[in-house]
Protein chains: 2
Amino acid sequence: MKQQKEPTLKLIAEKLNISVTTVSKALKGYSDVSAVTRQRVIDMADQLNYTPNSLAVNFRTKETRTIGIIIPEVVHHFFSSVINGVIEEAERQNYFVIILQSNEKKEMEKRQVELLISKKVDGIIMSLSNQSNDEDYLKMIINKKIPFVLIDKISKLIDCSKVVIDDKKAAFDAVNHLINMGCKKIAHIRGPLNPQNAIDRFLGYKAALAHHNIPFNPELVIPCERVCYEEGYEFTKKIMTKYPDVDGFFAITDLVAVGILTYLNEQQIKVPEQVAVIGFSNWFMSGVISPKLSTIDQPGFTMGAQAFLLLKEEMESMKTTGERLCKTITLNTDVLVRASSKRN
Amino acid sequence: MKQQKEPTLKLIAEKLNISVTTVSKALKGYSDVSAVTRQRVIDMADQLNYTPNSLAVNFRTKETRTIGIIIPEVVHHFFSSVINGVIEEAERQNYFVIILQSNEKKEMEKRQVELLISKKVDGIIMSLSNQSNDEDYLKMIINKKIPFVLIDKISKLIDCSKVVIDDKKAAFDAVNHLINMGCKKIAHIRGPLNPQNAIDRFLGYKAALAHHNIPFNPELVIPCERVCYEEGYEFTKKIMTKYPDVDGFFAITDLVAVGILTYLNEQQIKVPEQVAVIGFSNWFMSGVISPKLSTIDQPGFTMGAQAFLLLKEEMESMKTTGERLCKTITLNTDVLVRASSKRN
DNA sequence: TTGTACGCGTTATCAA
DNA sequence: TTGATAACGCGTACAA
């Protein structure tokens, strides 16, 4: 059983004894085709089960209806939520989404950007690796006039549209909450030194301390390298050993905060009575562990959806004016108070 | 600053005063081009920073170097691991991956299949929704001779290559373990009634009971609909209320098992002393909650990677022989014994 | 060893 | 209102 070959405009034209041009126009609803002809064409197309050859369309129009997204890693609650948001919105607008990972490595990220460019995607959404700033390959996207949106992990040095949260404010809110709960000596297990969001969260932490006239002690801040569960555990051990009177922890992300909780639980240190803990991002698991983890609700899905919509705007803008919008959307975050930080 | 247009074979040919054909051949390493000419072409291509227009290549070759994957949902530890595996292997072989979700809905799934077909992807990987069996759109993939691999959530009624685990055996092992730990009355919070893997796990549960001459009580088995945390909690409540002497739980997946643990913890029912619990899939969180959850290690990443490799084989096969391989790869699973089921 | 010429399916231009 | 024709960039059978 050989596969019958796909019907084409030409086939329809031959069957109806009219020109390919007319068929094309009829199917695309051009006005300069008689109603009768149009109907005949449409009927025949139906009958033959015609669908346009998207390869040919792509070739002609130079558009692929495909966008690319590059993120550090898929298996990560926040990023998979972002992907979900992007896909869902893209789907609604008939775009496909190609997903690539940087694994937090610059070289990878570079390669992925080049791949997407060579694939001629209609636009690119990116969340930067921990090492990236104003890399050449990012500038290349700009120079090549490819619609571009940075999301969450951005660089201030790249001029393009962005979707972010106010990390500094969110961190401030988190630490402020701990202080309001009575914490006097709060440690911060922060992210790596380079990424903007880790910096901003750290600044938020400091600002909250300052706001309440609590002295800042750099020894109470330890940066993660891998931002993992194990680091949360280890750094807490380190801090609590040296400063047993620490009574609050603010973690760069929930995963780390769970490591903190694990250590505290093991040491039978009461949470939240003796030590209160708050994380960041609202990973799924933080709502099902015990004690339930207080955290910052970071709207991954919405960020993804907004990123696509903004990218779409960029596409329009580039097509019409040739210029970028360079719009930044800042989404709201809330403190989710749960058991790990609630003191009556 | 207008965007300079991309260099083409034609441009190179003009610059060198030779034909497009020769340029094409030279760049593709054909033997019938003199070494000198080849070098000149390559140099010029370098100089102009030539890259083939992938849209034109796709159009000519009828290949896109893109595959599609349809899964129930991205934000799900197992599936995101699968995606990771697929992407990583695809990446290595220079393929792109388009990801679509069915949200467990048949109509969605159908639409996504149609989209991928119209996009002319080189192959499709799918994990079926809970409602799907031998749907028409799946048969369409077969009929259209599109390379196809089903993964994890498969249908026995569709004749194609598959990557699976032995769900029945894995479930048997899990329940067998509980029995070996001394459980006499084991409940099973199972998956929905349709999907094959839920059926198989249920059969494994029954088989293990039978193996130890433990009577099967259908009242101790409750099927989930949404397979969520809340159902784990509620169904455990229901079962423990009616049968307080139940001393073991086997859950369709870790998410549900965490719901079970939450209820038991709340009721101060000791785990694992009074009730032992085992889940399925080894979600990340099961290693960080307390007590740590015993589970079945389901190798999502490997399944994804294998699925891509198998799809690649299918592509080769279809190209050469025109026939499908219809190979099934069954991956091993292990029981991960952790605190929730460990008795001395 | 090199080049001519055509085709892939669609769309755009221009003439009829 | 319709159609002839060219064009997109590349690949390839065939001729030179």
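So you know, we letter chains A, B, ... as the sequences are listed, proteins then strands, and number each from 1.
- Here I18(A) lies in heavy-atom contact (under 4.0 Å) with sugar-phosphate atoms only.
- In terms of the side chain to side chain donor-acceptor pair (under 3.5 Å) criterion, R324(B) has no residue partners (sequence neighbours excluded).
- A donor-acceptor pair shorter than 3.5 Å cannot be found between the side chains of T66(B) and K119(B).
- Listed by chain and residue number, Q93(A) satisfy the side chain to side chain donor-acceptor pair (under 3.5 Å) test with K312(A) (two or more places apart in sequence, or in another chain).
- The CG atom of N58(B) sits 14 Å away from the C1' atom of dG9(C) (whole-angstrom rounding).
- Legend: residues meeting salt bridge (charged side-chain N to carboxylate O under 4.0 Å, His left out) with E313(A), ordered by chain and number and at least two apart, are K327(A).
- Partners of N133(A) by side chain to side chain donor-acceptor pair (under 3.5 Å), not counting sequence neighbours, listed by chain and number: N194(A).
- Look at CD on E63(B): it is 14 Å from C1' on dC8(C), rounded to the nearest Å.
- At whole-Å resolution of the value, CZ in R38(B) and P in dT2(C) are 9 Å apart.
- Nearest-nucleotide assignment on DNA chain C puts the 5′-proximal partner with S19(B), out of F59(B) and S19(B).
- In this structure, the NZ atom of K120(B) is 9 Å from the P atom of dT10(C), given to the nearest Å.
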Please tabulate, one pair per line, all N/O donor-acceptor pairs under 3.5 Å involving side-chain atoms of residues 110-117 of chain A, not counting sequence neighbours.
| unit_1 | atom_1 | unit_2 | atom_2 | d |
| --- | --- | --- | --- | --- |
| K110(A) | NZ | E114(A) | OE2 | 3.0 |
| R111(A) | NE | E91(B) | OE2 | 2.8 |
| R111(A) | NH2 | E91(B) | O | 3.3 |
| R111(A) | NH2 | E91(B) | OE2 | 3.2 |
| Q112(A) | NE2 | Q101(A) | O | 2.8 |
| Q112(A) | NE2 | E91(B) | OE1 | 3.3 |

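- The separation between K10(B) atom NZ and dG3(C) atom P is 16 Å, rounded to whole Å.
- Rounded to a whole Å, the CD atom of E14(A) is 11 Å from the P atom of dG9(C).
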> Where along nucleotides 11-16 of chain D does protein come under 4.0 Å, by heavy atom, of base (B) or sugar-phosphate alone (S), with - for untouched nucleotides?
Replying inline: BBB---
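- Comparing A56(B) and T22(A) against DNA chain D, the residue whose closest nucleotide sits nearer the 5' end is T22(A).
- Residues D43(A) and Q39(A) have side chains that bring a donor and an acceptor to within less than 3.5 angstrom of each other.
- When rounded to the nearest whole Å, the span between CZ of R40(B) and P of dT1(C) equals 16 Å.
- Rounded to an integer number of Å, the gap from CD of E6(B) to P of dC8(D) is 15 Å.
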